[in-house]
Amino acid sequence: MKNRVTGVLLVLGGVLTTVSFIVAFFVAGVPDFGTVTVANEVQTERSLIEIAAEGFKYGRPDWGQKIFYFHVPVALSSFLVFIFTAYYGARFLLSKNREFDTKARIATEVTLVFVVLTMITGVLWTKAAWDVWWEWEPRLTTYFIMTLLVIAYFVLRNSIDDEERRATYAAAFGILAFVDAPISFAITRLIPSTHPVIERGGLETPMLLSFLCGLFGMLMIGYAVYQVRVREEMLKERLESLKASLEG
């Protein structure tokens, strides 16, 4: 039954993600992000009129802005999945149950996939929007730190041979690393940042439909992959335990 549900979620997630891409590229427009620094100057209504008179040489072309419908869902998914790294890490520290360590590790694996996708799409958007590959502004900087922390989680695990110590240190590090996630998520609203923020009412119906399809699709795919990996690891652990008992 669980395998069937996972399969359904994987297929449904793929369908929703595909629908999101189709709507984004053929129906949805460009979200209203408000005032954004482009080409080393803050755009105003006057500058937009002047640019339009020159042939609308806008620093954020429509084709580049479509990345929003993929970039934001994977970014939000990375934050949400990372919660489970901290959650299962805390449960392991309280119970020392190896199952929670396994679930925390797999949640971090899925987080890493979303983080990599976020970084790739973010860099592409930055190049399309600001004509630079990277800028050390608050959101990009804090998310880059989060990326390094997720990678460091696996470096830490691979550097410790003792299973109990490895699980304990990884759980503690995962909880501390997650602290960066809410900071990165909220920082554009706490301090001045050139990273765009969707204004209230900024998404029209086609935009909102595409965005929600992409978000739920990504979350379904992430959850399905997580469940598949958990079952794979649990089966592997049972086989290793059975092998050890037969050899003993």
Side-chain angles (χ1 to χ4, degrees), residues 1-31 33 60-88 99 102-129 139 143 146-147 150-151 153-154 174 178 181 184-185 196 198 202-236:
M1 181 63 181
K2 289 184 178 180
N3 291 334
R4 185 177 302 174
V5 172
T6 301
V8 170
L9 288 176
L10 187 61
V11 172
L12 185 57
V15 170
L16 286 176
T17 303
T18 303
V19 169
S20 173
F21 292 161
I22 293 174
V23 175
F25 280 90
F26 296 102
V27 179
V30 179
F33 289 122
R60 292 196 326 200
D62 187 70
W63 64 267
Q65 194 58 40
K66 299 293 186 178
I67 299 172
F68 159 84
Y69 296 102
F70 185 87
H71 173 69
V72 178
V74 293
L76 289 176
S77 297
S78 71
F79 291 136
L80 293 173
V81 177
F82 206 12
I83 293 174
F84 292 96
T85 296
Y87 172 71
Y88 285 119
E99 178 181 345
T102 301
K103 290 183 176 181
R105 173 170 57 83
I106 294 173
T108 314
E109 290 177 2
V110 179
T111 300
L112 179 61
V113 173
F114 282 126
V115 162
V116 170
L117 290 174
T118 301
M119 293 295 290
I120 292 174
T121 54
V123 167
L124 292 175
W125 186 93
T126 301
K127 180 60 177 176
R139 168 62 67 78
Y143 197 88
M146 190 178 104
T147 302
V150 172
I151 295 173
Y153 175 90
F154 294 103
F178 172 72
S184 181
F185 176 78
I198 302 175
L203 293 180
E204 298 175 357
T205 301
M207 302 179 192
L208 184 61
L209 174 63
S210 180
F211 171 74
L212 291 178
C213 284
L215 177 60
F216 288 118
M218 288 295 172
L219 289 175
M220 288 179 184
I221 292 174
Y223 179 76
V225 172
Y226 168 80
Q227 288 294 340
V228 170
R229 286 286 296 122
V230 166
R231 288 168 196 162
E232 178 185 349
E233 288 298 313
M234 293 301 178
L235 179 60
K236 185 185 300 184

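A ring-centre distance under 6.0 Å is not found for Y69 and F211.
With rounding to the nearest 0.5 angstrom, the CZ atom of F178 is 10.0 Å from the CZ atom of F84. Note that the OG atom of S210 and the CZ atom of F70 stand 12.0 Å from one another [nearest 0.5 Å]. In this structure, CG on L112 lies 11.5 Å from OH on Y153, to the nearest 0.5 angstrom. Considering CZ of R229 and NZ of K103, their distance stands at 14.0 Å, rounded to 0.5 Å.
Heavy-atom minimum distance, S77 versus M218: OG-CB, 3.6 Å. The minimum heavy-atom distance linking T118 with T121 is given by the pair O-OG1, 3.2 Å. Nearest heavy atom pair, residue L9 against residue M220, reads O-CB, 3.6 Å. The shortest heavy-atom contact between F154 and V150 is CD1-O, 3.3 Å. When all heavy atoms of V81 and A107 are compared, the closest pair comes out as CG1-O, 3.4 Å.
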What verdict does the side-chain contact (heavy atoms from CB on, under 4.5 Å) test give for T102 and V230, after you've listed the backbone C-alpha separation in whole Å, the side-chain angles of each residue and the deciding distance to 0.1 Å?
CA-CA 7 Å; T102 301; V230 166; 5.8 Å; no
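Screening V110, L10, L12, L16 for a side-chain contact (heavy atoms from CB on, under 4.5 Å) with I221, the sole residue that qualifies is L10.
Within 6.0 Å of the CZ atom in F79, the count of heavy atoms belonging to other residues, nucleotides or ligands exceeds 12.
Contact annotation: the side chain of R231 approaches that of T6 to within less than 4.5 Å [non-hydrogen atoms, C-beta and beyond]. Between Y88 and E99 there is no side-chain heavy-atom pair separated by less than 4.5 Å. Looking only at side-chain heavy atoms (C-beta outward), Y226 and E109 stay at 4.5 Å or farther from each other. At least one side-chain heavy atom of V115 sits less than 4.5 Å from a side-chain heavy atom of M146.
Inspection of the R105 and T85 side chains reveals no N or O donor paired with an N or O acceptor under 3.5 Å. Y143 and S78 share a donor-acceptor pair across their side chains, judged by distance under 3.5 Å alone.
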